[in-house]
Structure formats: structure tokens, C-alpha cells
There are 2 protein chains.
Amino acid sequence: MTEAQGPRPRPTLRDIATALGLSVNTVSRALGDKDSVSASTRAAVQAEAARIGYVPNTLARSLVLGSAMTLGLVITNPSNPFYAQLISSIELRVRAQGYSLLLLVTDESVENEQRATEALLRSAVDGAVVVPVQAEWDHWRRVRDSGIPLVFVNRDVPELDCDMVGVDYERGSYEATSHLIAGGARRLLLLEEDLPITTTADRITGFRRAMADAGLKVSDDQVRAVPTKRYDSLALPWQPEEAYRFAQTLLTDGHPDGVVTGNDYFALGLLRVLAERDLAVPSDVAITGYGDHPYAAYLQTPLTTVRLPAAEVGTTAVDLLLQRLRSSGERPRKTLIRPELVIRASAPHRQAITIDR
Amino acid sequence: MTEAQGPRPRPTLRDIATALGLSVNTVSRALGDKDSVSASTRAAVQAEAARIGYVPNTLARSLVLGSAMTLGLVITNPSNPFYAQLISSIELRVRAQGYSLLLLVTDESVENEQRATEALLRSAVDGAVVVPVQAEWDHWRRVRDSGIPLVFVNRDVPELDCDMVGVDYERGSYEATSHLIAGGARRLLLLEEDLPITTTADRITGFRRAMADAGLKVSDDQVRAVPTKRYDSLALPWQPEEAYRFAQTLLTDGHPDGVVTGNDYFALGLLRVLAERDLAVPSDVAITGYGDHPYAAYLQTPLTTVRLPAAEVGTTAVDLLLQRLRSSGERPRKTLIRPELVIRASAPHRQAITIDR
DNA sequence: GTGAAAGCGCTAACAG
DNA sequence: CTGTTAGCGCTTTCAC
């Protein structure tokens, strides 16, 4: 019979040291691949470490080193597919660089975000990647001022001049709009989220610019804000429902011949209303989505939409953060990554439309 | 002019102590709401702490307390909407209980999972919620044996008898199948993922059991495994494509009158093939999905599907884990939460079908 | 009620 | 090359 099982306390450097008749610190150096250790000692130490299953205690290590080798990720809603991909790419990159990742979900709530900053401070993360709620930012200032570098992702907080990496939403919206116009649409509509965030604002700007460049005027009622709950990550994001209800009220008198939507869910709700009204897509109304969700290509009418470079955004954000950790001096960098218009049947190429005529 | 800005070192207990002429440990107790401190001292300490923006150092605290107040979440793929919701619910619950959450993404790779266990051990998490890859589990044994309680989620590793909480996939599949049969389908097909995981196996069992209970025989070619890549969380999960290709080869001779699919993406791919073949849903072929993704209700033919209780699974998992942290003695508990069949047009109620006849 | 001392596990100085 | 000393920031004895 050996010892009883029971989770015995985890081995420490001292266990190895006493077992081998060495000092704790020699063991530390042997394991740390420092040079000032004889080959034989190192071998013995490593053997013993392996034998007893020694795992370094990151807590103690971090305390003395002054770095937890941990980064924070503060995100609003993992159920948004774009953010889900962002999480994956960020986690991958962070881990590849030897850091751990602390996850905080804010659910678009400022209070949650404030608590998240507390957690970041307490945990003494080395830095954080943040999708800000964008309603207040004093708590972020506090984090930054206490020496924790921040990279804002997808949405910026210009007041704090931190690094930022996002998507060129304006451009994506510009291209989608221009594409509809090139396809022959003239009476356009923009269906946007009713949220006070820059992504929405940028898409509106892109829409307006594309219209202006085509010599089309934009009246106020061509830009519609769909009543949008700041949606709950615990429930499924029922945005199609909101767009569906809204679109029902939208098409009472006449109809647009092109609709740019701010996300694929809106397009989904809109498509249903159009089907109910016997309006054909794209011949009566051409539609673009935003996001290129996995289902977009497989709808009855495959959706023309703007594909977001999620992985690239995430990777870039982590890289920026790690650079910043090495040299804090440089000026903040703002990076916008260009999304890609994916053209499918809901708003096909000009030729395809022409054939229909 | 005050001091230059620059991220000065974060305040410690000693800063408060010296400022107030107290000892470090009096300050500690004052902040920790211990009783053995005079009211006036406590007030002074708290005031000073607030003034200089003191934030306790979790690292140091954890080191002496022997608990990092951190739980790990090891998950395969955040881009799977079910897991995305799981992440949200788990994070919420974990944070509500005063713990932090360390996130590890494995992308269905055993190697990543093994590295994840190393990270868990180094970080000295108090416990972990794990969606296991289910190919090997020696590394999990090691974690458990070093005293870190594990709760497996969605998939079990029975060899380790840890706590487990999942979805009753078999039942969901049974209900979906029975529903199709009740609607009049007789020539049924099951389209499943080709992955060696228990969730898939359970759904197959449920299908077979429902068929048997209805007195229907199941030949081997009625259970089809769609070639499924262990899909990449960095790319979008292109499972519709796989199901689409597969379904094209499926309907060459005759067609089933009911198809149970193992996930909503398969249903999407299948729907397209059916449309291409001019087979009507549900009158020619009734279909059920699995997962109730946000788009399911908004397809041209709204999808009857099995809704997964993601939030409940996540919350339960965390609660189990925290209980286990308090009393490690009890026997492992396995909990299956029942999913809900959501009936829509792709496989309507019996009456609706009857009317069509 | 408060302070002094010790230690969590580890690493960075410095001796030898 | 190796050991000793010191200390990261905090909490828990135990005196006073």
C-alpha cells in the first residue's frame, strides 16, 4: 500500500531541492534554463521534476516578476458570431505568445463593464483587448492610467487615445450601397441598428457617401433605425424579429428597390416580409446584409453581404497589445481592416440583373 | 505642476499604512471587514484607500490564501452558437460568485487540450468547466488527481467519474423523430455529424429508439454520417456546405419523406438541395434541425428544431463545480437537461399536415 | 484594538 | 557553478 490517494499538496521547488540536496534557487535556475547551472545538476533536477510532476506556480512567479502573463478580453456578447470568431482568434494568439486569457462579458451593460475594469485591475493583467460598450469611459481611463495598456477592438473610444483595431464599416457600407446602385437600384433604404455605437454611425456615413457619389439625394426617412434592444447574450439574439416587425410597417406605401441592412439578421427579417408581400428578391428589391453569417449563403435567396475580417482583427489586436507592452512610448495606432463584399443572389452582379430585364 | 503622469506603481497596503502611521496588517484587517479594528481606524483606512485608488493585488492574496479564485473554461469552439451561449452563461455565473474566468479554446484538437491542461495546472485554477474533445483523457486525469475538480459539459468522459452536465440529446432526437412519424413520415433518414463524440451517438440512439417504438425498422443506410471536418473556429463553420454536397448524392433514387438532422446547418444544406429538386417541405419531405439557431425561425420554411438549454447547462455546471469546491467528498453527479422541440413549418403539427392532404 | 513576525512559492541580487 | 539573503503584497498567527 502506498500513501492514500487524496489530492496531496502540489510539489514545489523545495520538494525537488530537498530531494536532491540542492538549494531552492539552484533548482529554480536549472528549470529556468539559465546558464549558470552544471549540465549534470540540470539533468537531475529536470528528472526529479518530471518524476514528481512538478508544475511551476504561476501565482508566485507572477508576484515576484510583477507580471501575471495574463491578458484580459472584455467583450460584449459572445453570441454575436463576429465576436465569437474574435474570441477564438484572440485566444489562439494570446496562448501562442505564452499568455493566459481572462474573459469578461459585459452584455452591453456599462455597469458590467465597470465591474470588469475592477476585475482587470485586481487581477493585475498585463493588458487588455476591449470591445467597449461606448457609453462611458472614465473607468477605462482609470485602467489605462494605472499602467495597463488597452487595445480597443471594433469600436473606438477616441477620448482615451489607446490603440484601436477595427473594421472599416464605412467602406463596407459604401461598397454595399454602391453595388446596389450599380445594379440599378435608385430608391434605397438603410436599415440600421438603433444603438449609439460608432459601428452603426460609420455604416450610415458609408451609405450617405455612396449615395452622394452617385448623385442621389438621401432624405431622412431613407435611413431607418430598427428599434434594437441591446441584446442579451444569454438568449439567442432575436434581431430578425425586430427587423421583421419593423419592416412590416415600412412597406405600406410603395417599396424601395434596394435595401442595405446593418446586419444579416435584419436581412433575414426583411426577407420574410418581402416574401409575404410577394416582392421578389432581387428583381423587385435587392438586399445586402452585413456580417456574412454562416447561414447567409444558404438562404433561399443567398445573401449578398459584407464579410467581416474577424480573425485578422483579433490577431492584429493582440499583436498591437504585445508590442505596446514592450515599448509603451509610441503613439497610439488606429487600424481599420477592410471588409469584403460577398456577392450572391440577393444583390447579384450588374449583368445578372440586366438579364432579368 | 504635480508629479509627471507616467504609470506610477500601483498603491499597496503599505502605502496606506505609512500614510496613516499604521501597520500594514491593521490596514489589511480594516479593508477586510474583520471585526478587530476600531471604527475610526477603519473609516480612515477606507478613506485613504479610496483617495489613492487602492486595488487589492489578487496575486499576492491568492498566493497566501492558496486559492486563485479563478475557474477555467475549456471549450472547443466559440463559433458554435450553443457554445457561445454557454460561454456567456458560465462567465456570468462565475463572476457573480466572485471568481474570475480563464478561457482556453481547443478547437477540437487533443494537443490543444493537453496544452490547456498544462495552463490550468500552472495557473492553479480552483476548478474547471470542460467541453472535452473526447479522444483522450489522460491529461484530464492528471488535472483531477492534482486536486482540481472538473465538470464536464455537453460531452462526458465516463472513465474519470467527474461531475457532468449535458443535454439529453437522445431525448431531443427521439422527440424530433417521433414528431416526424406522427406527422405521417415513414421513410425516415437521419443526417448526423461524422464525429466520434457522444452527442452524436446519443442522437442516433434516440432516432433508433423512436423508430423502434413506432414499429419501424431502421436499415443501416437510414443513418447517414455527413463527412464532417472538426470545424475550425477561426473560419466560419461551413457545415451547410458539407451537408449540401452530401445531400446531393443522397436523393438520387427516390427520396425520404422525413429527415432528422443533427444540427441546423445540415438542415440548411439539405433545404437547398430539396429546393433544387423541386421537393416541397414539408409535404414531400418534412425536416427537423437541431440547435434552434437564431436564423431557424426565419428561413423561407421556418425550421422545426430542437432548442438546446444552453444557459441552464452553463449555470448548472458552474453551480456543480462550486459545490464540489466546498465539499469534495460526494459522489459525482451526472445531469442531463431536457431540450425542447420547437415546432415550425418544416415539420408542422399533425393537423397542419392533414389539411394538406 | 493594534503591531511584530512569519510565510505563501518563486526569482533576483549578491556572495562564495 | 552553487548557496545565502532578500523581497514581491498579502494574510494569519500571536503577543502586547
Side-chain angles (χ1 to χ4, degrees), chain A residues 8-46 48-49 52-70 98 100 121-126 146-147, chain B residues 8-46 48-49 52-70 98 100 121-126 146-147:
Chain A
R8 53 198 168 299
R10 69 192 293 186
T12 70
L13 285 186
R14 200 169 57 190
D15 296 328
I16 302 179
T18 55
L20 264 46
L22 291 170
S23 80
V24 168
N25 144 342
T26 302
V27 175
S28 168
R29 280 178 317 210
L31 256 26
D33 269 340
K34 311 280 181 183
D35 33 354
S36 49
V37 175
S38 78
S40 62
T41 306
R42 162 166 301 126
V45 167
Q46 287 174 341
E48 175 68 5
I52 65 175
Y54 170 78
V55 177
N57 183 329
T58 304
L59 251 39
R61 178 170 231 266
S62 299
L63 184 59
V64 52
L65 257 37
S67 157
M69 288 302 279
T70 297
S100 293
L121 288 168
R122 276 199 308 274
S123 307
V125 297
D126 299 292
S146 74
Chain B
R8 51 199 169 298
R10 69 191 295 184
T12 71
L13 286 186
R14 200 170 57 190
D15 296 327
I16 302 179
T18 54
L20 264 44
L22 291 170
S23 79
V24 168
N25 107 16
T26 302
V27 175
S28 169
R29 281 179 314 212
L31 257 26
D33 269 339
K34 311 284 182 185
D35 33 352
S36 48
V37 175
S38 77
S40 62
T41 307
R42 163 167 301 128
V45 167
Q46 286 173 341
E48 176 68 7
I52 65 174
Y54 170 77
V55 177
N57 184 330
T58 303
L59 251 38
R61 179 168 230 267
S62 300
L63 184 58
V64 53
L65 257 37
S67 156
M69 288 302 280
T70 298
S100 293
L121 288 168
R122 276 199 308 273
S123 307
V125 297
D126 299 292
S146 73

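Predicted model only: the values in this text are computed from it and were never measured. Per chain, numbering begins at 1; letters A, B, ... match sequence-line order.
Checking side-chain atoms of A:Arg10 against main-chain N and O of A:Gly53 turns up no donor-acceptor pair under 3.5 Å.
Looking at heavy atoms from C-beta onward, B:Met69 lies out of side-chain contact with B:Thr58 at the 4.5 angstrom threshold.
Note that OG of B:Ser28 is 12.0 Å distant from CG of B:Leu22, once rounded to the nearest 0.5 Å. With values rounded to the nearest 0.5 angstrom, B:Thr12 atom OG1 is found 9.5 Å from B:Asn57 atom CG.
Counting non-hydrogen atoms under 4.0 angstrom, A:Thr12 reaches the backbone sugars and phosphates but no base. Using a 4.0 Å heavy-atom cutoff across all strands shown, B:Ser62 reaches no nucleic acid atom at all. B:Leu59 comes within 4.0 angstrom of no nucleic acid atom, judged by non-hydrogen atoms across all strands.
Distance from the side chain of A:Asn57 is smallest to C:dC10 among C:dC10, C:dT2, D:dG9. For A:Ser23, taking side-chain heavy atoms from C-beta onward, the closest of the listed nucleotides D:dT4, C:dT2, D:dC8 is D:dT4.
Residue A:Ser28 places at least one side-chain N or O under 4.0 Å from the OP1 or OP2 atom of C:dT11. Considering only side-chain N and O atoms, B:Tyr54 lies under 4.0 angstrom from the phosphate OP1 or OP2 of D:dC10.
Each of B:Val64 and A:Val64 has a nearest nucleotide on DNA chain D; the 5'-most of these lies closest to A:Val64. Taking the nucleotide of DNA chain C with the nearest heavy atom to each of A:Asn25 and B:Ser38, the more 5' of the two is matched to B:Ser38.
For the pair B:Leu13 CG and D:dT11 P, the interatomic distance rounds to 6 Å; values are reported in whole Å. Rounded to an integer number of Å, the gap from CZ of B:Arg29 to C1' of D:dT13 is 11 Å. Rounded to whole Å, the distance from CZ on A:Arg14 to P on C:dC10 is 10 Å. Rounded to a whole Å, the CG atom of B:Leu63 is 13 Å from the P atom of D:dT12. At whole-Å resolution of the value, CE in A:Met69 and P in C:dT11 are 13 Å apart. Between A:Leu65 atom CG and C:dG9 atom P the separation is 17 Å, expressed in whole Å. Distance CZ (B:Arg61) to P (D:dT11): 5 Å, rounded to an integer number of Å. Atom P of nucleotide D:dC1 and atom CG of A:Leu22 are separated by 14 Å, given to the nearest angstrom.
Around CZ of B:Arg29, the count of heavy atoms belonging to other residues, nucleotides or ligands within 6.0 Å exceeds 12.
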